[in-house]
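My questions all concern the structure below.
Side chains included, hydrogens not; waters and symmetry mates left out as well; all remaining heavy atoms used. Each chain gets a letter, A, B and so on, in the order the sequences are listed, and its residues count up from 1.
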2 protein chains.
Amino acid sequence: MTELPPSTEQINSLILLIEDDPQIRRFLRATLTSHGYRLLEATNAQDGLRQVGSQHPDLIILDLGLPDLDGLEVTQQLREWTSTTIIVLSVRDQEQDKIAALDAGADDYLTKPFSTGELLARLRVALRHSRLAAPDVEEPVFTAGDLRVDLAHRQVFLKNNEIHLTPIEYKLLTILVRYAGKVVTGRQLLKEAWGPTYTTESHYVRVYMGQLRRKLETDPTRPRYIITEPGIGYRFKVE
Amino acid sequence: MTELPPSTEQINSLILLIEDDPQIRRFLRATLTSHGYRLLEATNAQDGLRQVGSQHPDLIILDLGLPDLDGLEVTQQLREWTSTTIIVLSVRDQEQDKIAALDAGADDYLTKPFSTGELLARLRVALRHSRLAAPDVEEPVFTAGDLRVDLAHRQVFLKNNEIHLTPIEYKLLTILVRYAGKVVTGRQLLKEAWGPTYTTESHYVRVYMGQLRRKLETDPTRPRYIITEPGIGYRFKVE
DNA sequence: TTGAGTTATCAAGAAAGTGTAAAGATGGTT
DNA sequence: AACCATCTTTACACTTTCTTGATAACTCAA
């Protein structure tokens with residue numbers, strides 16, 4: 001096998017392996033470390049997600065069949081705040097599974113059993129990309145006034161005090177923040193937070209915007225962050 | 001997670017297909033164009049390389065088995081000056097071929113016969129990447145005198161002070177601005193802002209033009225921006 | 001100058017949209 | 001089974017926007 005010599009960026013690349021099968025884990029550990037990669041390991045989705053947030057790996061190898069959470073779900077959750085390369089491993093060779101994973105945000109998909117050489121080659125491709133694409137190692141944290149939204153850790157702070165938000169509250173806030181400064185229609189919020197079948201339940205949005213304001217605004221009747229655009233929707237205000 | 005806004009870049013993406021087999025070419029032509037991609041075709045490496053230089057496609061689908069030049073060679077030549085995504089198609093399923101192609105600079109590798117759905121999914125992955133890498137596009141902002149209309153943020157400023165407009169007011173202003181310098185008839189304004197069933201209510205337009213002037217003009221009786229063209233309609237004045 | 005048709009202004013009532021509290025429903029946990 | 005957090009649903013008060021009619025001002029041609 002004519003492998004290329006480990007290049008300098010490979011040597012320093014940090015890879016997170018999320019895989020529950022001890023045998024595959026052992027095998028990949030040997031392969032990857034012997035090729036000069038630094039390795040982190042997680043045996044379940046929960047721990048994997050946590051480590052992505054805390055360790056910031058350069059690349060994620062994700063087994064689709066984890067015990068605690070579906071791999072698709074993991075991919076989607078990651079893609080809400082990071083664009084770190086995800087290579088999916090799976091025993092499923094069905095076209096539908098591949099398409100679903102790739103469209104959920106995965107960057108590559110390999111079917112088990114895979115060839116080691118191909119995995120390493122695809123790893124090199126991915127790392128080549130991420131080096132070109134991301135010279136900035138900026139933390140995905142959104143800040144505005146006293147408010148801080150840490151997308152990686154799913155935490156919201158107001159003057160350094162953590163604010164607890166329910167899943168829907170948080171989801172709505174991240175949507176507003178993603179379009180910061182722009183108006184988001186109630187319809188769009190419903191579609192993104194509840195799904196496309198809820199687009200008529202416009203009162204949901206009002207209830208939750210009220211709750212968000214109660215938690216985030218000093219004076220909910222005179223909001224600084226979440227501005228209503230009557231007849232249109234809501235906007236996260238930026239200076 | 002719901003998908004991001006229907007990516008206009010996908011619809012308009014230009015793909016160069018370098019493939020000598022007429023049958024596969026015909027098949028891919030049908031598949032790709034029916035999915036909204038714009039397509040260029042080359043039947044040999046020579047022509048393919050030429051077209052990359054002259055047409056600047058967003059993505060290249062490259063058959064490895066071309067008559068005049070080896071696909072590896074093509075990849076290497078391209079990588080000397082461009083980082084345009086290359087997806088390789090090949091009948092060769094050998095690990096060595098894949099590794100060689102990927103290390104030569106290809107971004108993905110599919111073995112014939114490949115599944116259409118997977119190809120399309122991997123296409124979406126590649127285009128997603130190139131979109132992230134692309135620099136931000138300028139947001140559309142209309143300016144005239146002290147007035148600034150920020151279409152992307154749905155905001156209107158007068159000497160840097162934000163002016164609040166109701167939905168209809170804003171709608172009418174954007175119509176006028178869209179036809180800046182040209183006369184827009186009352187009928188047309190009614191049709192665009194209220195809908196085709198209101199085209200007789202010419203009264204509405206007068207009321208709202210008055211409101212707009214009150215908000216935007218320093219002296220509403222001597223308008224600088226919104227000019228009445230008696231007997232015809234209104235015109236947004238440009239110098 | 002006069003008068004008919006068009007345009008501008010104003011303000012009140014109607015309609016639509018929004019904010020808020022709180023009760024009921026749901027689902028998971030102990 | 002009782003608890004808890006969260007989500008859903010309802011009801012009502014409130015705000016903003018839209019519609020409408022009355023009236024004044026203007027334009028242009030006879």
Residue met sooner reading DNA chain C from 5', once A:Gly231 and A:Gln211 are mapped to nucleotides: A:Gly231
How close or far is atom P of C:dG27 from atom CD1 of A:Ile168, stated in whole angstroms? 13 Å
Write down the distance between CG (A:Leu172) and C1' (D:dT6), rounded to a whole number of angstrom. 14 Å
Calculate, to the nearest 0.5 Å, the distance between atoms CH2 and CG belonging to B:Trp194 and B:Leu189 respectively. 8.0 Å
Rounded to whole Å, CD1 of B:Ile227 lies from P of C:dA8 at a distance of 11 Å
Establish, with yes or no, whether the OP1 or OP2 oxygen of D:dC18 is under 4.0 angstrom from a side-chain nitrogen or oxygen of B:Thr166. yes
Answer yes when A:Arg25 and A:Asp20 have at least one side-chain N-carboxylate O distance shorter than 4.0 Å, and no when they do not.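 No, no charged N to carboxylate O under 4.0 Å.
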For a quick test of reading the model: is some side-chain N or O of A:Tyr234 closer than 4.0 Å to OP1 or OP2 of C:dG19? yes
Measure from the side chain of A:Val207, starting at C-beta and using heavy atoms only, and say which of C:dG19, D:dT17, C:dA21 lies closest.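 Between C:dG19, D:dT17, C:dA21, the one nearest the side chain of A:Val207 would be C:dA21.
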Where the side chain of B:His203 is defined as all heavy atoms beyond and including C-beta, which of D:dT20, C:dT20, C:dG19 is the nearest nucleotide? D:dT20
Indicate yes or no: does A:Asp63 engage A:Lys112 in a salt bridge with an N to O separation below 4.0 Å.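 The answer is yes: the pair qualifies as a salt bridge.
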In degrees rounded to 10°, what angle is found between the helical axes fit to the five outermost pairs at each end of the helix from C:dT1-D:dA30 to C:dT30-D:dA1? 20°
Check whether any side-chain nitrogen or oxygen of B:Arg206 sits under 4.0 Å from OP1 or OP2 of C:dT6, and answer yes or no. no
Please check if the distance between the ring centroids of A:Tyr234 and A:Tyr208 is under 6.0 Å.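 No, ring centres 6.0 Å or more apart.
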Check the distance between D:dC18's C1' and B:Leu165's CG and give it to me in whole angstrom.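 Between C1' of D:dC18 and CG of B:Leu165: 15 Å.
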Can you check side-chain contact (heavy atoms from CB on, under 4.5 Å) on B:Ile163 and B:Tyr170, steps first, answer last? CA-CA 10 Å; B:Ile163 305 291; B:Tyr170 181 78; over 6 Å; no
For the side chain of B:Thr228, counting heavy atoms from C-beta on, which of C:dT7, D:dT17, D:dA22 is nearest? C:dT7
Does OP1 or OP2 of D:dC7 have a side-chain N or O of A:Tyr208 closer than 4.0 Å?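 A:Tyr208 to D:dC7 OP1/OP2: side-chain N or O found under 4.0 Å.
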Interatomic distance, A:Ile232 CD1 vs D:dT16 C1' [rounded to whole Å]: 12 Å
Nearest-Å distance, CZ (B:Arg213) to P (C:dA8)? 5 Å
Looking at C:dG19, I'd like to know if its phosphate oxygens (OP1 or OP2) sit under 4.0 Å from a side-chain N or O belonging to A:Thr221. no
Does B:Trp194 put a side-chain nitrogen or oxygen below 4.0 Å from OP1 or OP2 of D:dT19? yes
Please state whether the phosphate of D:dT17, meaning OP1 or OP2, lies under 4.0 angstrom from any side-chain nitrogen or oxygen of B:His164.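 Yes.
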Nucleotide nearest A:Pro167 (side chain, heavy atoms from C-beta), chosen from D:dC18, D:dT10, D:dT6: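 Of the options given, the side chain of A:Pro167 lies nearest D:dT6.
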Could you give the CD-to-C1' distance, from B:Glu169 to D:dC18, as a whole number of Å? 10 Å
Value in whole Å for how far the C1' atom of D:dT6 lies from CZ of A:Arg214: 13 Å
Please determine if A:Glu80 and A:Lys171 form a salt bridge, counting it only when a charged side-chain N lies under 4.0 Å from a carboxylate O. yes
Note: A:Lys237-B:Glu162 ion pair, threshold 4.0 Å (strictly below):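 Salt bridge between A:Lys237 and B:Glu162, a charged N being under 4.0 Å from a carboxylate O: no.
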